[in-house]
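Following: one structure in structure tokens, then a few remarks.
We count ligands from 1, going down the list as the structure has it; atoms in each ligand are counted the same way.
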Amino acid sequence: MHLLVLGGTRFLGRHLADLALQRGHRVTLLHRGRSGSGLFPQAEHLIADRNADLSVLDGRRFDAVVDTSAYWPRQVREVAARLAGRVGHYQMVSTISVYADPDAGALTEDATLATLADPATETVSGETYGGLKVLCEQAAVDGFGAGRTLLPRPGLLVGPHDPTERFTWWVRRLLRAAPGSEVLAPGDPAGPVQFIDARDAAAWMLAQAESGRSGPFNLTGPATPLSMEAFLATARRVLAPADPPPRLCWVAEDFLLEQGVASWTELPLWLPRRSDGIHRTEIARALATGLQCRALEATLQDTAAWARAAPLSRAGEGPPRPPTGLAPEREAALLQAWHTTPRG
Ligand SMILES: NC(=O)c1ccc[n+]([C@@H]2O[C@H](COP(=O)([O-])OP(=O)(O)OC[C@H]3O[C@@H](n4cnc5c(N)ncnc54)[C@H](OP(=O)(O)O)[C@@H]3O)[C@@H](O)[C@H]2O)c1
């Protein structure tokens with residue numbers, strides 16, 4: 001298969017390109033040449049800014065296109081104007097954030113989609129990101145046809161090369177834990193957490209491109225439910241010193257909220273119970289079409305190996321993100337306050 005990846009040199013797209021090359025596909029990558037310099041010499045590289053000039057695509061044909069770098073519908077329309085009729089299969093990488101009410105219950109692909117007050121907005125923010133991806137999905141279906149368009153909706157993507165320091169923040173936190181020290185563990189130990197190793201997402205996406213499947217698919221993991229307690233206990237076992245291991249100190253969500261701790265950003269992955277809908281996403285459709293999630297231990301070990309060698313990542317593209325993770329002094333102050341606050 002001749003595969004075009006719009007992107008392909010940073011994280012999800014990078015894993016996808018890597019896998020496609022390993023599987024013997026002919027791969028073309030379109031990017032600006034800013035990320036991953038020197039990657040994939042065996043691929044064709046089209047250097048272009050998709051916001052400025054996509055004429056490098058004129059007259060080209062591809063069996064499949066995976067679009068990892070669209071955030072505005074006009075970007076998808078521009079690709080369709082250049083390639084529609086000459087592409088067998090088009091994947092528009094969307095997001096789990098497309099749903100209007102993530103906390104309404106277990107999120108299936110049929111849940112109501114978000115709408116934007118201003119569909120012409122050019123601002124990508126936490127408020128507009130999901131609604132803009134909905135419009136990108138619609139532009140993909142309009143441009144390439146529903147039968148040729150696959151809409152992967154990933155949850156939190158994790159693993160080596162993640163530019164966002166969310167899952168990786170926990171990896172670094174456990175790696176630097178001193179023997180016997182306390183690590184702040186947020187909220188309800190039994191609360192759910194979902195994320196997917198970007199390599200597993202890429203493998204599923206490539207398989208769908210090979211088979212030409214279409215439609216929307218939630219794409220997160222693991223295959224069986226994971227609690228915050230199981231996640232942190234596994235991370236501690238895999239990453240932290242064993243003699244003696246650090247202690248997980250569970251701090252109640254009401255206390256964290258009273259102290260002004262920002263869920264998801266200051267304590268990555270943690271969401272208060274009333275707004276943890278994106279950790280309750282239904283993934284039966286992806287599992288039934290071959291999604292396989294590797295063991296958490298493997299994701300932790302591989303992320304740690306990469307994080308040890310990688311400097312703290314810059315934020316990725318997409319919605320601007322505040323700095324991720326509790327500073328060590330703030331964590332220590334919160335733990336002290338938790339231990340000294342009388343509780344009834
Ligand atoms: N991270 C998550 O947890 C998460 C969750 C849900 C959905 N998603 C979605 O997953 C997708 C994956 O992003 P990724 O960063 O992992 O993909 P990626 O393909 O690994 O990296 C982004 C690529 O796009 C290229 N690019 C960026 N702007 C461009 C432009 N104006 N013109 C041409 N090329 C451009 C970058 O190269 P250059 O910089 O060299 O141009 C890079 O190759 C995104 O659509 C995101 O919305 C991510």
Does an N or O anywhere in I96 fall below 3.5 Å from an N or O of ligand 1?
-> no
Short N or O distance, F11 and ligand 1, threshold 3.5 Å exclusive | yes
How about H2 and H25: are their ring centroids closer than 6.0 Å?
-> no
Judging by distance only, is a nitrogen or oxygen of Y129 under 3.5 angstrom from one on ligand 1?
-> yes
Checking heavy-atom distances from atom 13 (O) of ligand 1 to each of I278, L30, L54, T68, the winner is T68
Any K133 heavy atom less than 4.0 Å from ligand 1 = yes
Does ligand 1 have any atom that is closer than 4.0 Å to a heavy atom of A48?
-> yes
R153 and ligand 1 - part of the residue with a heavy-atom distance under 4.0 Å | neither
What about F195 and F231, are their ring centers closer than 6.0 Å?
-> yes
Any pair counted as salt bridge (Lys or Arg N to Asp or Glu O under 4.0 Å), so long as it reaches residues 68-89, sequence neighbours left out = D58-R82, R74-E122, E78-R82
Any side-chain heavy-atom pair of T303 and T168 under 4.5 Å = yes
Strictly under 6.0 Å, is that where the ring centroids of W270 and H279 end up?
-> no
Pick, from G7, P154, P163, the option with the minimum heavy-atom distance to atom 25 (C) of ligand 1.
-> G7
List every atom of ligand 1 that sits less than 4.0 Å from any heavy atom of D49, numbering the atoms from 1 in the order shown and giving each element.
-> 30 (C), 31 (N), 32 (N)
So, N51 versus Y71: side-chain donor-acceptor pair below 3.5 Å or not?
-> no
Does F195 have a heavy atom less than 4.0 Å from any atom of ligand 1?
-> no
Worked verdict on E137 versus R153 for salt bridge (charged side-chain N to carboxylate O under 4.0 Å, His left out) | CA-CA 10 Å; E137 290 188 355; R153 295 174 175 162; 2.8 Å; yes
R166 touching ligand 1 at heavy-atom level, < 4.0 angstrom | yes
List every atom of ligand 1 that sits less than 4.0 Å from any heavy atom of G8, numbering the atoms from 1 in the order shown and giving each element.
-> 18 (P), 19 (O), 23 (C), 43 (O)
List every atom of ligand 1 that sits less than 4.0 Å from any heavy atom of R14, numbering the atoms from 1 in the order shown and giving each element.
-> 20 (O)
Would you call R61 and V87 a side-chain contact if the rule is heavy atoms closer than 4.5 Å?
-> no
Within 4.0 Å of some non-hydrogen atom of G33, the atoms of ligand 1 are 40 (O)
Would R294 and D200 pass as an ion pair if we require N to O under 4.0 Å?
-> yes
Under 3.5 Å, N or O to N or O, is L156 touching ligand 1 that way?
-> no
Non-hydrogen side-chain atoms of P328 and R176 separated by less than 4.5 Å = yes
Does S97 come within less than 4.0 angstrom of ligand 1, counting non-hydrogen atoms of the residue?
-> no
Quick one: which ligand 1 atoms are inside 4.0 Å of a heavy atom on V93?
-> 9 (C), 10 (O), 11 (C), 45 (O)
Where the closest heavy atom to atom 24 (O) of ligand 1 is concerned, which of G13, S69, G155 has it?
-> S69
Would T299 and D197 count as having a side-chain donor-acceptor pair, cut-off 3.5 Å?
-> yes
